[in-house]
Protein chains: 2
Amino acid sequence: MGNPTLHDVARVAGVSYSTADRVLNGRGGVASKSIERVRQAIEDLGYRRDMMAANLSRRRSYRFAVCVPQGDHGFFSSIRRAFLAEAEARAGQRVTIEICDGSAAPLPQDCDCAVIVGAGTDRLTPAIAGLAAGNVPVVTLVSDIPGSRRAYIGIDNVVAGRTAGRLHRIAHRGRPVRVLPVLGSASLRDHRDRLAGVAESLGQASLLPPIEVADNADQMRDLLGRALREDPRITGIYSIGAGNRGLIPLMRSLGSSRPFVVLHELTPHSRAALQDDLIDVVIDQKPAEEVASALDAMKAIADGETPAGVTITPAIFFKENLPEDPA
Amino acid sequence: MGNPTLHDVARVAGVSYSTADRVLNGRGGVASKSIERVRQAIEDLGYRRDMMAANLSRRRSYRFAVCVPQGDHGFFSSIRRAFLAEAEARAGQRVTIEICDGSAAPLPQDCDCAVIVGAGTDRLTPAIAGLAAGNVPVVTLVSDIPGSRRAYIGIDNVVAGRTAGRLHRIAHRGRPVRVLPVLGSASLRDHRDRLAGVAESLGQASLLPPIEVADNADQMRDLLGRALREDPRITGIYSIGAGNRGLIPLMRSLGSSRPFVVLHELTPHSRAALQDDLIDVVIDQKPAEEVASALDAMKAIADGETPAGVTITPAIFFKENLPEDPA
DNA sequence: CAGAAAATGACAGACGTCAATCATTTTCTT
DNA sequence: AAGAAAATGATTGACGTCTGTCATTTTCTG
């Protein structure tokens, strides 16, 4: 009835518990024929090591470091909140996390796994090198660093861009498409990916040259405002980065003749704008889900397993399908 | 460093381990002042019972029953597959599931929790009554039974309908909207909810009277084909249930003048149709996620906790953001 | 105040695994 | 064949909790 234990495996394999243990945990000093017999018994019985008992015995607790930039981007703070919530939820599962903004304290070198959120955004790169030197496995979240990370959890930004393109095409049925992309910064890989995606979907002819607003609301208001005045034929806006707080009053002033607007990340501002019909679509990374997946992956890595490759499909929000306000 | 144990709690509270245990597990026979002191110590230390050790000791293993109709709906089989995959993934966590199609064997009465998938679809209702009689807590998945279930995991179908409505409105910008809703069955609560949602979003004027195809591909082909011939001014289709295999050839025959099509559930057929530009949008329940959430909820229930209310936000798929083919 | 009832403490054996030690057996060298 | 090296077995005490028993202390009751 109950699942087989390692004792059962040993018995079936005709070896002692010690030997079975040596095989299971790769402690060495076992004849290859014994290894084979144990392997076979594990296979036959469908034995799965009881992780709970194992962790208990090892008095293992998972110590994870979370490295998220301290920016008040709204987005990063929701990531931070999600980590705290998940930590609370997993407290009974021996998971503790330490959050450090990239700035002050250095990353703990003695943790089981670290997650870097929004890499490339700033000068987190030395921290990563430090972790790598200390042999701490690293998971990247939101933004990837294709180098020495074990797993990347986040959306595919090219796909996100293509999706934005499709939405614009649907909204333009029959009319000429003239979409202005608004970048945070062309040096950010994520933003470049989104831009490439939307360009691929719409075709260069329908896409105006992008403007750059440094993820900043004031610059957004100024530069986007000017662009809209200079080219009244703009029929769509794809805001690729942050700073959308500056976009919203512009749309309000344009009234019902405003262009079709697609932007990223569900924040209190973008939610309100959706509700007020000032923008049309929000493409969201679902930070809470990303965080949960990241912790799962980190746990798997700490357990020596291969983390399951999780592809987060970004959520598409309209006014109608907004999730309940967490407030 | 390590988390506090119940021994620590007892020491701080100035009582024996036994007493602390009696309080923690509500075994009774404890003076109220002792209860208070233990409570306080738990609070002060931030004690959290180590579920792994607890489960190990209790030799608890979670036995869950999964009740999913045997239909080859494509959708239900993906649910079934998702359960098998999750069971495999959680084997190390003492979770075993038994899948039973509603038909043959009766539901096991001695499991910790049961999940009913797609209730209302067929004659699963007696099974639920049986479970309730046996005091087995029930979780509903996909379709709700507001009665005696502990949790419902699934999408909000009214919201899904509204979302479909919004998509049609976006696609019709400036043109008159004339959408034909295609029901599986008006007696299904889920379908009624979706219909209500789309009606609310588009307004009755833009919505034709629904046709009913009994989730059947042949009926879909016949009835929808006739409807399209009789009213060539139809500009949109919202397929609320199953049987979309019958819709696809109709769209192919209409060529580029076909209406804008929104339908539910990502299956091999709908995926292919998206890719071939024969339909425009798929609203998907994300069965894998629902299943994972359901198992989490069941585990929480089995542990005597209150399951976290999970709202699944349906995914919206276009040709551009299809997830990788699992094949 | 004696006796009953209630509350508490002390202890032990599980659960399945880990990790370490030590004794014993088998296999390999030369 | 003797000695060294390798492989194996046997055993033990954790890890934190559960569950049960039994003895002891405290509190209540009449």
Side-chain angles (χ1 to χ4, degrees), chain A residues 1-39 41-42 45-62 91-96 302-305, chain B residues 1-39 41-42 45-63 90-96 302-305:
Chain A
M1 182 107 294
N3 284 0
T5 76
L6 193 51
H7 280 104
D8 299 327
V9 170
R11 194 168 27 73
V12 169
V15 300
S16 69
Y17 180 89
S18 306
T19 300
D21 172 68
R22 285 192 257 258
V23 173
L24 185 65
N25 294 301
R27 301 188 208 277
V30 184
S32 48
K33 81 170 189 334
S34 297
I35 296 185
E36 196 33 54
R37 296 172 69 184
V38 172
R39 283 256 146 75
I42 288 178
L45 292 175
Y47 168 80
R48 310 275 312 235
R49 163 208 250 121
D50 183 332
M51 271 316 220
M52 302 188 154
N55 289 339
L56 176 60
S57 174
R58 283 189 187 126
R59 75 204 77 172
R60 183 180 210 344
S61 61
Y62 302 92
Q93 270 124 88
R94 322 187 132 225
V95 173
T96 54
D303 283 341
E305 297 165 13
Chain B
M1 182 107 296
N3 284 1
T5 75
L6 194 51
H7 280 104
D8 299 327
V9 170
R11 195 168 27 73
V12 169
V15 300
S16 70
Y17 180 89
S18 305
T19 300
D21 171 69
R22 286 192 255 258
V23 173
L24 186 65
N25 294 302
R27 300 187 208 279
V30 184
S32 49
K33 82 170 192 324
S34 297
I35 295 185
E36 196 33 55
R37 295 171 70 184
V38 172
R39 284 256 146 75
I42 288 178
L45 292 175
Y47 168 79
R48 311 274 312 237
R49 161 208 252 122
D50 183 331
M51 269 315 210
M52 302 189 154
N55 289 339
L56 176 60
S57 173
R58 283 187 186 128
R59 76 202 79 171
R60 182 181 211 343
S61 62
Y62 301 92
R63 287 195 56 207
R90 297 178 191 226
Q93 270 121 90
R94 322 188 131 224
V95 172
T96 54
D303 283 341
E305 296 165 14

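Residue numbering restarts at 1 for every chain, and letters A, B, ... go by the order of the sequence lines. Quick caveat: nothing in here was measured; it's all calculated off a predicted structure.
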Peer 1: Please list, chain by chain and in numerical order, all residues satisfying side-chain hydrogen bond (donor to acceptor under 3.5 Å, both in side chains) with A/T96, sequence neighbours excluded.
Peer 2: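 By the side-chain hydrogen bond (donor to acceptor under 3.5 Å, both in side chains) rule, A/T96 matches no residue at all.
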Peer 1: So which atom in B/L6 and which in B/Y47 form the shortest heavy-atom distance, rounded to 0.1 Å?
Peer 2: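 Heavy atoms of B/L6 and B/Y47 come nearest at N-CE1, 3.5 Å.
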Peer 1: Using nucleotides 4-7 of chain D, report all nitrogen or oxygen pairs with the protein that are shorter than 3.5 Å.
Peer 2:
none

Peer 1: What's the NE2-C1' distance between B/H7 and C/dC11, to the nearest Å?
Peer 2: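 After rounding, the reported distance stands at 11 Å.
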Peer 1: Identify, with sequence neighbours excluded, every residue that meets side-chain contact (heavy atoms from CB on, under 4.5 Å) alongside A/V12.
Peer 2: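 A/V12 satisfies side-chain contact (heavy atoms from CB on, under 4.5 Å) with A/A41, A/L45 only.
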Peer 1: Hey, could you give me the CZ/CG distance between B/R48 and B/D50, rounded to the nearest 0.5 Å?
Peer 2: 11.0 Å
Peer 1: Please report the distance, rounded to the nearest Å, between CG in B/L6 and P in C/dG9.
Peer 2: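 From B/L6 CG to C/dG9 P: 13 Å.
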Peer 1: With the side chain of B/S57 defined as its heavy atoms from C-beta on, choose the nearest nucleotide among D/dG16, D/dG9, C/dG16.
Peer 2: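 Nearest listed nucleotide: D/dG16.
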Peer 1: Taking only residues two or more places apart in sequence or in another chain, which ones pass side-chain hydrogen bond (donor to acceptor under 3.5 Å, both in side chains) with A/R58?
Peer 2: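 In terms of side-chain hydrogen bond (donor to acceptor under 3.5 Å, both in side chains), with neighbours along the sequence ignored, A/R58 is linked to no residue.
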Peer 1: Using a cut-off of under 3.5 Å, enumerate the N/O to N/O pairs linking the protein to nucleotides 19-27 of chain C.
Peer 2:
| residue | atom | partner | partner atom | Å |
| --- | --- | --- | --- | --- |
| C/dA19 | OP2 | A/R27 | NH1 | 3.1 |

Peer 1: Starting at CZ of A/R37 and ending at C1' of D/dT8, how long is that distance when rounded to a whole Å?
Peer 2: 12 Å
Peer 1: From D/dC18, D/dC15, C/dC18, pick the nucleotide closest to the side chain of B/R49?
Peer 2: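 When the side chain of B/R49 is considered, D/dC18 is the closest of D/dC18, D/dC15, C/dC18.
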Peer 1: Expressed in angstrom and rounded to an integer, what is the separation of B/L24 atom CG from D/dC18 atom C1'?
Peer 2: 10 Å
Peer 1: Filter on salt bridge (charged side-chain N to carboxylate O under 4.0 Å, His left out), then keep only pairs touching residues 9-20 of chain A, sequence neighbours left out; what's left?
Peer 2: A/D8-A/R11
Peer 1: List in chain and number order the residues that pass side-chain hydrogen bond (donor to acceptor under 3.5 Å, both in side chains) with B/R27, two or more places apart in sequence or in another chain; answer none if no residue qualifies.
Peer 2: B/D21
Peer 1: With sequence neighbours left out, what residues match A/R22 under salt bridge (Lys or Arg N to Asp or Glu O under 4.0 Å)?
Peer 2: none
Peer 1: Run the side-chain hydrogen bond (donor to acceptor under 3.5 Å, both in side chains) test against B/Y62 and tell me which residues pass, sequence neighbours left out.
Peer 2: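 Counting only residues at least two positions away or on another chain, B/Y62 forms a side-chain hydrogen bond (donor to acceptor under 3.5 Å, both in side chains) with B/N55, B/D303.
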Peer 1: Calculate the interatomic distance between A/R48 atom CZ and C/dG16 atom P; express it in whole Å.
Peer 2: 16 Å
Peer 1: In whole angstrom, what separates A/L56's CG from D/dG13's P?
Peer 2: 18 Å
Peer 1: Tell me the interatomic distance from B/R59, atom CZ, to C/dG13, atom P, rounded to whole angstroms.
Peer 2: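 Atom CZ in B/R59 sits about 15 Å away from atom P in C/dG13.
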Peer 1: Expressed in angstrom and rounded to an integer, what is the separation of A/D50 atom CG from D/dC15 atom P?
Peer 2: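 Checked: the CG to P distance equals 18 Å.
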